[in-house]
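In each ligand, atom 1 is the first atom listed, and ligand 1 is the first ligand listed. In what follows, residues are counted from 1 in the order of the sequence shown.
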Amino acid sequence: MPTQRTRFDAIAIDGPAASGKSTVARILAETLELTMVNSGEMYRAVTLSILQQGADPSAPDEVSRILQELELSCIIDGRASRILVGGKHPGEALRSEQVNTSVSAVAAVPEVRKLLVALQRNLLEHSDLVMEGRDIGSVVFPETPYKIYIEASESVRHRRRAAEGLNDSVGERDRLDRARKTAPLVVADGAVVIDSSEMTIDDVVEHSVGILRDLGWFSRNS
Ligand code: CDP
Ligand code: CDP
C-alpha cells in the first residue's frame, strides 16, 4: 500500500528579472500538478498600494507605516496563488512601469520581507508548491533540496521584456536586488544553475524536470 504523505514539499526557483522563472514555474505547476506561487507579485502588490497612496517608495518609514494598514491575503486559484489587497487582486497594474521602477526599493525594507515571507511559508500548509522569486531557496525554504537558479545574460533578458511590450529596467532592478542587505538575490546553497540565454522555454522546462528527477522529487516517500 502506498504511504500517505504527511507534509508538502516546495520547489524553489530563483533568478534575476526576465530569466524565465514564472513561465517555467507555471509549466512545471501544470505538468507536476503543483501550486505555482509568484512571490514577486506580492512585492509588486505592496509597491502598487504605496504608489496609489501617494507615498514615497524609497522612504522605508513610510513604506512600513502603509504596510501595517494593508489587508493582505493569499488565495489559491486553480494551479496558482494570487495576492489580494483588501480582498481584491490588483490586476495588470502590478506590471506597470512605475511599479517596475519602485519595487526593488520596497522589497529592500525588512518589515515588508518579514510579512511576505510569512505569507509565502504559510502556503506550504496546503499543497506542494513551485515558488519563484529571489530568495526562495536562500530564505523562504532554505531546507528544501529542490532548488533551481535560472539566469540569462542581461541583454537577452532585456530583449525578452521588450518583446513583451514592457518597459522594464531589468539591469537596475537586478543591481538593487543583489545589493540589498536583507535577503539579496544570490544562488542559494545547493541550487542547480541553468543559464537559459540560448535555451527555449521547452529546453529549460525539460532540463528542470531532469534536475528535479536527479534531486529525487519523483521518488519522494516511495
Ligand atoms: O518577473 P520579474 O522577475 O521581472 O520580477 P518579479 O519576480 O515580479 O519581482 C519583482 C521584484 O520584487 C524584484 O525585482 C525584487 O525586487 C522583488 N522580489 C523580491 O525581493 N523577492 C522575491 N522573492 C520576489 C521578488
Ligand atoms: O518570471 P521572469 O521575470 O523570470 O521571466 P518570465 O516572465 O517567465 O519570462 C520573460 C519573457 O521571456 C517571457 O515572455 C517568456 O516567454 C520569455 N522567455 C523566453 O523567450 N525564453 C526563455 N528561455 C525564457 C523566457
Inset, instruction - Say whether V24, considering both its backbone and side-chain N or O atoms, lies within less than 3.5 Å of an N or O atom on ligand 2. - result: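 No; every N/O pair is 3.5 Å or more apart.
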
Inset, instruction - Return yes or no for this condition: an N or O of A17 is under 3.5 Å from an N or O of ligand 2. - result: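 Min N/O separation from ligand 2 is not below 3.5 Å for A17.
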
Inset, instruction - Would you check the N or O atoms of E132, main chain and side chain alike, for any that come under 3.5 Å of an N or O of ligand 1? - result: no

Legend entry - R173, any N or O under 3.5 Å of ligand 1 N or O: yes

Protein residue, atom and distance nearest to [atom], heavy-atom basis:
{"atom": "atom 16 (O) of ligand 2", "answer": "I201 CD1, 3.3 Å"}
{"atom": "atom 5 (O) of ligand 2", "answer": "G20 N, 3.1 Å"}
{"atom": "atom 23 (N) of ligand 1", "answer": "D135 OD1, 2.8 Å"}
{"atom": "atom 13 (C) of ligand 2", "answer": "E164 OE2, 3.4 Å"}
{"atom": "atom 7 (O) of ligand 1", "answer": "R134 NH1, 3.2 Å"}
{"atom": "atom 24 (C) of ligand 1", "answer": "S39 OG, 3.3 Å"}
{"atom": "atom 19 (C) of ligand 2", "answer": "R160 NE, 3.6 Å"}

Inset, instruction - Report the distance from atom OG1 of T101 to atom CG of L176, rounding to the nearest 0.5 Å. - result: 10.5 Å

Inset, instruction - Look at atom 4 (O) of ligand 2 and find which of E198, K21, R26 reaches it with the closest heavy atom. - result: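 Ranked by closest heavy atom to atom 4 (O) of ligand 2, first place is K21.
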
Inset, instruction - State if R95 counts as touching ligand 1 under the rule of any non-hydrogen atom under 4.0 Å. - result: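 The answer is yes: ligand 1 sits under 4.0 Å from a heavy atom of R95.
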
Legend entry - Any A18 heavy atom less than 4.0 Å to ligand 2: yes

Inset, instruction - Run the contact test for R161 against ligand 2 with a 4.0 Å cut-off on heavy atoms, strictly below, and give the result. - result: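 Yes, R161 has a heavy atom closer than 4.0 Å to ligand 2.
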
Legend entry - ligand 1 versus Q120: contacting region, heavy-atom distance under 4.0 Å: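 The answer is neither.
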
Validation: residues 87-94 side-chain donor-acceptor distances under 3.5 Å, sequence neighbours left out:
{"unit_1": "H89", "atom_1": "ND1", "unit_2": "R82", "atom_2": "NH2", "d": "3.3"}
{"unit_1": "H89", "atom_1": "ND1", "unit_2": "G91", "atom_2": "N", "d": "3.1"}
{"unit_1": "H89", "atom_1": "NE2", "unit_2": "E41", "atom_2": "OE2", "d": "3.2"}

Is a donor from one side chain sitting under 3.5 angstrom from an acceptor on the other, for [X] and [Y]?
{"X": "D177", "Y": "S104", "result": "yes"}
{"X": "S102", "Y": "T47", "result": "no"}
{"X": "D195", "Y": "S197", "result": "yes"}

Please list, in number order, the atoms of ligand 2 under 4.0 Å from a heavy atom of [X].
{"X": "S22", "answer": "1 (O), 2 (P), 6 (P), 7 (O), 8 (O)"}
{"X": "T200", "answer": "23 (N)"}
{"X": "T23", "answer": "6 (P), 8 (O), 9 (O), 15 (C)"}

Legend entry - Shortest non-hydrogen separation from P57 to V63 and the atoms involved: O-CG2, 3.5 Å

Inset, instruction - Show your reasoning for whether salt bridge (charged side-chain N to carboxylate O under 4.0 Å, His left out) applies to E111 and K114. - result: CA-CA 5 Å; E111 285 85 352; K114 193 171 169 205; over 6 Å; no

Legend entry - Partner of S81 by side chain to side chain contact (heavy atoms under 4.5 Å, CB included), out of V37, L119, L129: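 The side chain to side chain contact (heavy atoms under 4.5 Å, CB included) with S81 is passed solely by V37 among V37, L119, L129.
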
Got a list of side-chain donor-acceptor pairs under 3.5 Å for residues 131-143, not counting sequence neighbours?
{"unit_1": "R134", "atom_1": "NE", "unit_2": "G15", "atom_2": "O", "d": "3.4"}
{"unit_1": "D135", "atom_1": "OD2", "unit_2": "R113", "atom_2": "NH2", "d": "3.0"}

